[in-house]
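What follows is one structure encoded as structure tokens, with my remarks underneath.
Below, each value reflects all heavy atoms present in this structure, side chains not excepted, and no hydrogens, waters or symmetry copies. All values reported here derive from a predicted model rather than from experimental measurement. Below, chains carry the letters A, B, ... as their sequence lines are ordered, and counting in each starts from 1.
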Number of protein chains: 2
Amino acid sequence: MTSTPQDSPRRGRYHHGDLRSALVRTGFDLLAKSGPAAFSVAQVARELGVSTAAPYRHFPDRAHLLAAVATQAAEELAAELERAAELAGPDPAERFAATAGAYVRFVSARGAGFTVIFATELQALHDQTLATAGRRLMDLLLDLAHEATGLGPEHSPRLLEQHIALAHGYVALHADGFFSRRQHTVEHLADQAVEASRTLLRGLATPRHGP
Amino acid sequence: MTSTPQDSPRRGRYHHGDLRSALVRTGFDLLAKSGPAAFSVAQVARELGVSTAAPYRHFPDRAHLLAAVATQAAEELAAELERAAELAGPDPAERFAATAGAYVRFVSARGAGFTVIFATELQALHDQTLATAGRRLMDLLLDLAHEATGLGPEHSPRLLEQHIALAHGYVALHADGFFSRRQHTVEHLADQAVEASRTLLRGLATPRHGP
DNA sequence: GTCTATAAATAGATAGAC
DNA sequence: GTCTATCTATTTATAGAC
């Protein structure tokens, strides 16, 4: 067996030019595959074929690596939500509702949503790039919520919280097996979340004592 | 109950007559205090002042202890939801909406909601008492949902899923710090969840193309 | 910058004494 | 039924070699 350093990426020295970004990418993949509980520095290192000590040259501790992953997640999620709004057409209500479906799809596929991006554990780091990415994400949603309500801007934050709770609830329950053994595919749940968001907005525009 | 024949309940032999139920009770408290991630057989044993081996005389493994805790949680949660519905008065919509608030309060206080009760990890055990408790919980909610919709029973499951996703979303986001540093108390979030559930029901009763 | 080796926690689980 | 002692596995993190 000819073992040059380039022979196998899982053995010997790791000659990557940019281990830092490889750690973030692989960490993100691990999150998507195994969930936040299984995320560990050691496992990320193993999947990259480097020693478990190597990541500590690039991140001081587990939380800082996770923060870099969360930042990446926030940026990709914002892009997905923006894309979903564009695909939904010109109707502001549809554009807003569509982000619920995009959230369900993104978190199902990538394992990182609001609870990772805004986790207390990471907020304590005061990571500037994570804070910025999180703020941009919320601003995007707040703008869409504002356009979706014709009732004045004071209703947007409440609608947005309801909308986020709804979308996150669907995907959290799904991840933990609540919806399991039925026809609840991710696509189905995403559609349900969109429909629920439409229903919320319709209910908000309806007088208190019936139509 | 406070004084054992020995001087301290945390040292020496543990003379409890019913360690099994003490493990369930303390396990539930640990869940409420530290969350599902921190739940461990060893920690439950430590808090009871018994050796880490003792629990294994009563439960074959961690999952079976957790299942017993989840069963207890399902029963207490069902009782809380029923109580909330009663307190809400005679209006079916209010009775249904009130369960969203009760769910937020219960899970915030006790640490165990749908994701613990219906966790995939525990479903695999095929524990009969857990399955029964879970089914009773869902039946209760389904009945309330059915009474709340005047649109025929085929709408109840969808409404119930939306309602559950909403309530669970609020409490999951809260637990993970999303709502943290504002005036978002548990009571406030519970009220928000109730209001959102009302809005859902109002939206469901509203024609598709505006009032 | 990466490696080997190691330390200190913590967990799940088992064997055998009492 | 509970204890002491132990094994195995895993993690975070550091020290020092190369």
Side-chain angles (χ1 to χ4, degrees), chain A residues 3-27 30-31 33-70 119 121-122 124-125, chain B residues 4-27 30-31 33-70 116 119 121-122 124-125:
Chain A
S3 59
T4 67
Q6 284 78 15
D7 203 32
S8 161
R10 302 196 154 265
R11 293 180 67 88
R13 288 159 195 276
Y14 187 79
H15 285 281
H16 206 290
D18 193 0
L19 179 58
R20 189 184 200 279
S21 52
L23 288 165
V24 175
R25 201 176 334 114
T26 302
L30 178 61
L31 204 60
K33 197 178 64 187
S34 311
F39 181 90
S40 82
V41 177
Q43 186 60 30
V44 175
R46 241 175 265 125
E47 299 207 355
L48 272 170
V50 297
S51 77
T52 60
Y56 290 93
R57 287 286 137 185
H58 300 272
F59 297 96
D61 55 29
R62 176 187 186 278
H64 281 82
L65 172 54
L66 192 52
V69 171
E121 177 194 1
L122 302 186
L125 303 181
Chain B
T4 64
Q6 268 64 25
D7 48 288
S8 164
R10 300 195 154 268
R11 295 179 64 89
R13 288 161 195 273
Y14 186 80
H15 284 281
H16 205 290
D18 194 359
L19 179 57
R20 190 183 200 280
S21 51
L23 287 165
V24 175
R25 201 175 336 113
T26 303
L30 177 60
L31 204 59
K33 198 179 62 185
S34 312
F39 181 89
S40 81
V41 177
Q43 186 59 31
V44 175
R46 242 175 263 126
E47 300 208 354
L48 270 171
V50 297
S51 77
T52 60
Y56 290 94
R57 287 284 137 184
H58 300 273
F59 298 95
D61 55 29
R62 176 187 187 278
H64 281 82
L65 172 54
L66 193 52
V69 172
V116 170
E121 177 195 1
L122 302 186
L125 304 182

Worksheet entry | Out of D:dT2, C:dA13, C:dC3, whichever nucleotide has its closest atom nearest the side chain of A:V50 | C:dC3
For atom [atom1] of [X] and atom [atom2] of [N], their distance in whole Å:
X     : N      : atom1 : atom2 : answer
A:L48 : C:dC3  : CG    : C1'   : 15 Å
A:Y56 : D:dG16 : OH    : P     : 18 Å
A:L66 : D:dT11 : CG    : P     : 15 Å
B:Q43 : C:dT10 : CD    : C1'   : 10 Å
A:H58 : C:dC3  : NE2   : C1'   : 13 Å
A:R62 : D:dT11 : CZ    : C1'   : 10 Å
B:F59 : D:dT2  : CZ    : P     : 12 Å
A:F39 : D:dT12 : CZ    : P     : 9 Å

Discussion item. Using a 4.0 Å heavy-atom cut-off, does B:A53 contact any base of the nucleic acid, only the sugar-phosphate backbone, or nothing at all?
Written reply: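 It contacts base atoms.
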Discussion item. Mind checking if B:A42 touches a base, just sugar-phosphate, or nothing, with heavy atoms under 4.0 Å?
Written reply: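 Sugar-phosphate only.
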Side-chain N or O of [X] less than 4.0 angstrom from OP1 or OP2 on [N]?
X     : N     : value
B:R20 : D:dT2 : no
B:S51 : D:dT2 : no
B:R57 : D:dT2 : no

Item to complete: Check B:L30 against B:A38 and note the closest heavy-atom contact, atom names and distance.
Response: CD2-O, 4.1 Å
Discussion item. Could you measure the distance from the NE2 atom of A:H58 to the CG atom of A:D18? Nearest 0.5 Å is fine.
Written reply: 8.0 Å
Worksheet entry | Distance in Å, B:Q43 CD paired with B:T26 OG1, rounded so as to fall on 0.5 Å steps | 10.5 Å
Worksheet item: Checking side-chain contact (heavy atoms from CB on, under 4.5 Å) for the pair B:V116/B:V69: CA distance, chi angles, key distance, verdict?
Response: CA-CA 9 Å; B:V116 170; B:V69 172; 5.9 Å; no
Item to complete: Side-chain contact test, heavy atoms from C-beta onward, threshold under 4.5 Å: evaluate it for A:L66 versus A:F59 and give yes or no.
Response: no
